[in-house]
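Report on one structure; see the data block that follows.
In this chain, numbering begins with 1 at the start of the sequence shown. Basis for what follows: all heavy atoms, side chains included, without hydrogens, waters or symmetry-related copies.
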Amino acid sequence: MAIAEAYANGEGVTQDQQKASYWYQKAADAGNITAQTNIALRYNEGLGVKKNYSRSEQYFFEAASKGDPVAELNMGNFYQKGIAVPEDAVKSVFWWMQSAKQGNSDAQNALANAYSRGAGVPRNVFMAVNWWEKAAIQGNQAAQISLGHAYLMGEGVKRNLQKSAYWMMLGTNPEKQPQKSISPLPYGLLHSNRVLTSLAVKAPAHSHKIESHKIVYKHKKTKKPYNLNKILYHKNHKLENHRIYKKSKLTHVKKLRQIKNKLFNFEAKITTYCQFLLITRFIGSNSTRL
């Protein structure tokens, strides 16, 4: 496997795709999952070997059966297009689902498209948006554009032009992709009705301009571009504090109710005791008269 990668990348040896394919083949036949996926890709593209879709499907299937997400993605693609296997939308969705669950953004986007069209699964725009979100957060440009279109048309989500502009901007500008380290942050905010995952811009306080399909938001007074990561961080922090405050407030109300119930029970006991004393005194006075 290491020798194959050395020849493939030209590391320490002269780059030679044929020798790389030869060593990938050896490792794949020995059961190496990564090598099986790599040699399958090479047979599919004709890199270092003669293009052979049947051999490609064979190795993709072996690797996919062992849980390799790239092989699972390609098996889904093969079934979708009917390459080396009969065209089958249901099996295509099955393999994409396996890969998507492991976080492969291309599989997530393909699965979202299947839900959007109702190909191999019942049409479900909400599931489509769910998978587009997962892929978009990982930087999949096709998913970002589809998600932006969904927000624009209000399909599967509430119509939101600001979110639509945000995702469209990312989908058409590769250099604007957010860092992977902050990817979970906008995903969490996407599910909040209180916070926008776009640049959180409101017309009275901000201004924006569009240049060459690039949306640049600037402060009205300082004229400085907004730091999206900083805005999202503070919005998320504010939400977390609000959640903690509500939780503590509910706990306080619960304790007050418990105290009120105890006082009510104590008052009932006192009333009962007073009634008992009055009845006892009344009976005592009557017995003396008799």
Side-chain angles (χ1 to χ4, degrees), residues 41 44 57 60-61 64 67-174 176-178 180 182-193 195-199 213-215 228 232:
L41 289 168
N44 188 43
E57 188 274 334
F60 272 141
F61 181 76
D68 184 87
V70 176
E72 291 169 341
L73 166 67
N74 281 277
M75 282 302 299
N77 294 341
F78 273 32
Y79 274 111
Q80 180 199 27
K81 300 173 183 177
I83 300 175
V85 290
E87 188 174 330
D88 192 322
V90 175
K91 288 184 179 180
S92 180
V93 167
F94 168 79
W95 286 113
W96 283 335
M97 180 68 77
Q98 305 311 306
S99 182
K101 287 179 179 178
Q102 296 192 64
N104 187 291
S105 65
D106 290 327
Q108 290 170 343
N109 180 59
L111 187 59
N113 292 335
Y115 274 113
S116 178
R117 297 191 305 267
V121 286
R123 188 170 186 270
N124 190 324
V125 290
F126 300 102
M127 287 296 292
V129 168
N130 176 60
W131 287 110
W132 274 328
E133 281 182 355
K134 292 178 185 295
I137 289 161
Q138 295 190 68
N140 188 293
Q141 289 179 259
Q144 290 169 342
I145 293 172
S146 295
L147 184 58
H149 185 266
Y151 275 113
L152 178 64
M153 305 304 294
E155 295 179 350
V157 287
K158 186 176 180 180
R159 190 167 185 263
N160 190 313
L161 297 180
Q162 290 158 318
K163 289 183 181 181
S164 176
Y166 169 71
W167 287 115
M168 288 287 192
M169 177 187 70
L170 291 184
T172 54
N173 293 274
K176 296 287 185 180
Q177 294 297 330
K180 290 184 178 180
I182 66 164
S183 60
L185 185 58
Y187 180 68
L189 294 178
L190 273 171
H191 294 80
S192 171
N193 294 325
V195 181
L196 296 176
T197 50
S198 61
L199 299 180
H213 304 289
K214 296 180 181 180
I215 302 176
L228 175 60
L232 291 176

Donor-acceptor pair, Ser164 side chain versus Tyr151 backbone, under 3.5 Å? no

Residues Ala107 and Ala100: closest non-hydrogen pair is CB-N, 3.7 Å

Working for side-chain contact (heavy atoms from CB on, under 4.5 Å), residues Tyr115 and Arg123: CA-CA 5 Å; Tyr115 274 113; Arg123 188 170 186 270; over 6 Å; no

So how far is it from Gln144 CD to Met169 CE, rounded to the nearest 0.5 Å? 9.5 Å

Nearest heavy-atom neighbours spanning Asn104 and Pro69: ND2-O, 4.2 Å

OG-CE distance between Ser92 and Met97, expressed to the nearest 0.5 angstrom: 11.5 Å

CG (Asn44) and CD1 (Ile83) are apart, to the nearest 0.5 Å, by 6.5 Å

Non-hydrogen atoms of Val157 and Ala150 that approach each other most closely: CG2-O, 3.8 Å

Determine, step by step, whether Asp106 and Asn140 satisfy the side-chain hydrogen bond (donor to acceptor under 3.5 Å, both in side chains) criterion, reporting the C-alpha distance in whole Å, the side-chain angles of both residues, the deciding distance to 0.1 Å, and the verdict. CA-CA 7 Å; Asp106 290 327; Asn140 188 293; 3.0 Å; yes

Looking at every non-hydrogen atom in both residues, tell me the closest pair between Glu87 and Gln80 and how far apart they are. CG-O, 3.4 Å

Could you check Trp96 against Asn77 for side-chain contact (heavy atoms from CB on, under 4.5 Å), going step by step and ending with a plain yes or no? CA-CA 8 Å; Trp96 283 335; Asn77 294 341; 3.1 Å; yes

Using side-chain hydrogen bond (donor to acceptor under 3.5 Å, both in side chains), reason through Glu133 and Gln108 one step at a time and then give a plain yes or no. CA-CA 9 Å; Glu133 281 182 355; Gln108 290 170 343; over 6 Å; no

Note: Pro86 and Tyr79 closest approach over all heavy atoms is O-CD2, 3.4 Å

Of the non-hydrogen atoms in Ala143 and Ala135, which two are nearest, and what is the gap between them? CB-CB, 3.5 Å

N/O donor-acceptor pair under 3.5 Å between Gln138 side chain and Gly103 backbone: yes

Just checking, any donor-acceptor pair under 3.5 angstrom between side chains of Asn113 and Trp132? yes

Phe78 CZ to Leu73 CG distance, which is reported to the nearest 0.5 Å: 10.5 Å

Under a 3.5 Å distance rule, please check whether Ser146 uses its side chain to pair with a backbone N or O of Ala142 as donor and acceptor. yes

Full working for side-chain contact (heavy atoms from CB on, under 4.5 Å) between Met75 and Glu57: CA-CA 7 Å; Met75 282 302 299; Glu57 188 274 334; 3.7 Å; yes

First locate atom NZ of Lys134, then atom CG of Leu111, and finally report the distance between them rounded to the nearest 0.5 Å. 10.5 Å

Working to the nearest 0.5 Å, report the span between CG of Asn74 and CZ of Phe60. 3.5 Å

